[in-house]
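Have a look at the structure below, then the notes.
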Amino acid sequence: MTELTELTAVRLLDGYRKGEWSPVEATRAALERAEAIQPEVNAFVRLTAEEALEQARESQERWRRGEPRGLLDGVPVTVKDILLQRGTPTLRGSRAVDPAGRWDEDAPSVARLREHGAVFIGKTTTPEFGWKGVTDSPLSGITRNPCDPSRTAGGSSGGSAAAVALGAGPLSLGTDGGGSVRIPASFCGIFALKPTYGRVPLYPASAFGTLAHVGPMTRDAADAALLMDVIGHPDSRDWSALTAPAGPYTDALAGGVRGLRVAYSPSLGGQVAVQPAVARAVRRAVERLADLGAYVTETDPDLTDPVEAFHTLWFSGAARVTQHLGPHQRELLDPGLREICARGARYSALDYLAAVDVRMDLGRRMGRFHDTYDLLVTPTLPLTAFEAGAEVPKGSGHRRWTGWTPFTYPFNMTQQPAASVPVGADADGLPIGLQLVAARHRDDLVLRAAHALYGAGVASAGRPTPAGS
């Protein structure tokens with residue numbers, strides 16, 4: 001019998017149409033998998049089994065009548081515990097958030113999933129307020145890597161990445177303010193897309209401002225395109241939301257990469273020290289793009305590391321998100337978060353505007369770069385997953401998580417679409433990600449190129465098995 005937890009959303013839906021399995025069977029399988037992985041991996045803040053099974057029974061009846069609702073009817077999904085979900089507390093990884101709220105509203109992306117019949121099986125873990133690139137918090141503890149639980153899953157959407165990688169639902173909604181869907185996707189061996197800013201509406205507005213994106217975390221690019229066709233539409237609650245896309249992203253997948261102009265930057269001009277295994281895997285994948293007909297040039301974008309400007313924007317946002325907390329609540333915060341909030345509160349308006357100037361210049365440079373190149377390819381990260389429970393790798397000399405994520409946060413500053421594609425593993429079996437970046441509004445090109453890598457067998461949707469399971 002087909003193992004339902006191994007299947008993509010596209011394949012699950014095909015099976016519903018053919019009567020091979022039902023939404024209730026798929027939901028039960030996803031819930032059982034979630035319960036099985038939770039003690040070791042800790043991907044969930046909470047599971048909503050009773051509600052999920054009721055949603056699945058309603059979906060099953062619609063399929064029986066031949067009247068499925070929308071594009072995702074009966075597909076098990078998870079939602080990062082940053083995004084509002086009606087009827088379920090959104091605690092944002094913090095003991096300072098009161099769970100006894102009204103919780104009567106869906107975030108825009110969650111609302112679109114509900115309209116399309118998705119089945120919500122649980123909320124996934126996040127560091128407190130999504131502040132860092134690994135997933136641990138005073139509220140829920142450490143989320144661990146599905147390939148090796150002694151390692152981190154990455155963050156801040158680490159619970160979503162682990163859940164998708166291990167078959168606890170093929171689709172998850174994550175958020176990305178500096179790499180937070182791409183970092184854990186790279187560490188856990190799944191696909192994730194940070195769309196163009198505004199393509200997926202966000203409400204309530206993030207304190208991190210226009211750095212913050214909502215994006216799909218999935219088993220492959222085809223599932224991400226399907227999910228984007230559901231969530232990538234405007235919502236009146238987000239004043240910065242883009243108009244509807246020109247056409248379905250699923251229709252854009254089949255174009256391949258022949259004739260695309262691809263810039264391959266292995267280290268951003270020598271600015272980043274990349275582990276040899278990561279460099280080799282990414283180079284092999286780039287060579288495959290050339291085999292598929294892309295025009296590949298090894299070259300670097302004209303940029304220097306904007307980390308100090310990013311820190312000004314990011315730390316200011318963290319200070320703002322915690323500004324309302326009283327002294328007792330502040331004592332409950334992650335010590336690292338308290339530290340960056342204190343720093344963020346010291347920035348002046350002129351400091352912030354100087355960081356905005358850096359950001360605008362970076363956007364100009366990347367805009368000019370994409371006049372020549374359709375896609376930029378880099379490693380997603382310069383390393384594979386390190387020890388769980390640490391913000392930075394031991395002995396790295398880094399102070400903050402931004403020290404080991406130099407390929408991700410620049411493209412939050414420029415608001416460009418960027419995806420992580422799994423393209424191999426190191427000698428310890430730890431996944432390696434390749435990053436695809438396109439000009440703003442060209443999410444279709446990123447998905448198309450990623451789909452070509454899956455079709456060529458370079459990227460894999462295989463599920464890891466945690467040690468001891």
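When a residue number appears, it is its place in the shown sequence, counting from 1.
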Answer yes when R283 and E298 have at least one side-chain N-carboxylate O distance shorter than 4.0 Å, and no when they do not. yes
Could you go step by step and tell me if T125 and T135 meet the side-chain hydrogen bond (donor to acceptor under 3.5 Å, both in side chains) rule? CA-CA 7 Å; T125 53; T135 301; 5.4 Å; no
If we only count heavy atoms from C-beta on, is the P195 to M228 side-chain gap below 4.5 Å? yes
Measure across R237 and D106 and return the closest heavy-atom pair with its distance rounded to 0.1 Å. NH1-O, 2.9 Å
Does the side chain of L260 reach to within under 4.5 Å of the side chain of Y295, using non-hydrogen atoms? no
For R46, is the CZ atom crowded, meaning more than 12 foreign heavy atoms sit under 6.0 Å from it? yes
On a heavy-atom basis, the closest approach of V214 and P201 is CG2-O, 4.3 Å
Kindly indicate whether the side chain of L72, heavy atoms from C-beta on, has any atom under 4.5 Å from the side chain of L227. yes
Please state whether the rings of W314 and F208 are parallel, tilted or perpendicular, taking 30° and 60° as the class boundaries. parallel
Could you label the plane-to-plane angle of the F315 and Y347 rings as parallel, tilted or perpendicular, counting under 30° as parallel and over 60° as perpendicular? parallel
Heavy-atom side-chain contact between I82 and T90 under 4.5 Å: no
Near R261 CZ, under 6.0 Å, is it more than 12 heavy atoms from other residues, nucleotides or ligands? yes
Going by atom types only, do Y373 and T297 share a side-chain donor-acceptor pair under 3.5 Å? no
Salt-bridge test for D302 and R368: reply yes if a basic N is under 4.0 Å from a carboxylate O, no otherwise. no
For Y264, run the side-chain contact (heavy atoms from CB on, under 4.5 Å) check against V286, D300, L375 and tell me which one passes. V286
Hey, mind stepping through E308 and R343 against salt bridge (Lys or Arg N to Asp or Glu O under 4.0 Å) and telling me if it holds? CA-CA 12 Å; E308 291 306 322; R343 183 170 166 185; 3.4 Å; yes
For A185 against A161, the heavy-atom pair lying closest together: N-CB, 4.2 Å
Do R330 and E128 meet the salt-bridge criterion of a basic N to acidic O distance under 4.0 Å? no
Nearest non-hydrogen partners of S265 and L376, listed with the distance: CB-CD1, 3.9 Å
Would you call the rings of F310 and W401 parallel, tilted or perpendicular, where under 30° means parallel and over 60° means perpendicular? perpendicular
Salt bridge (Lys or Arg N to Asp or Glu O under 4.0 Å) assessment of R112 paired with D235: CA-CA 10 Å; R112 302 295 87 76; D235 186 289; 3.0 Å; yes
Minimum heavy-atom separation for F386 to E391, with atom names? CZ-O, 3.8 Å
Where V282 and G433 come nearest, the two heavy atoms and their spacing: CG2-O, 3.9 Å
Electrostatic pair R359-D361, nearest N-O below 4.0 angstrom: no
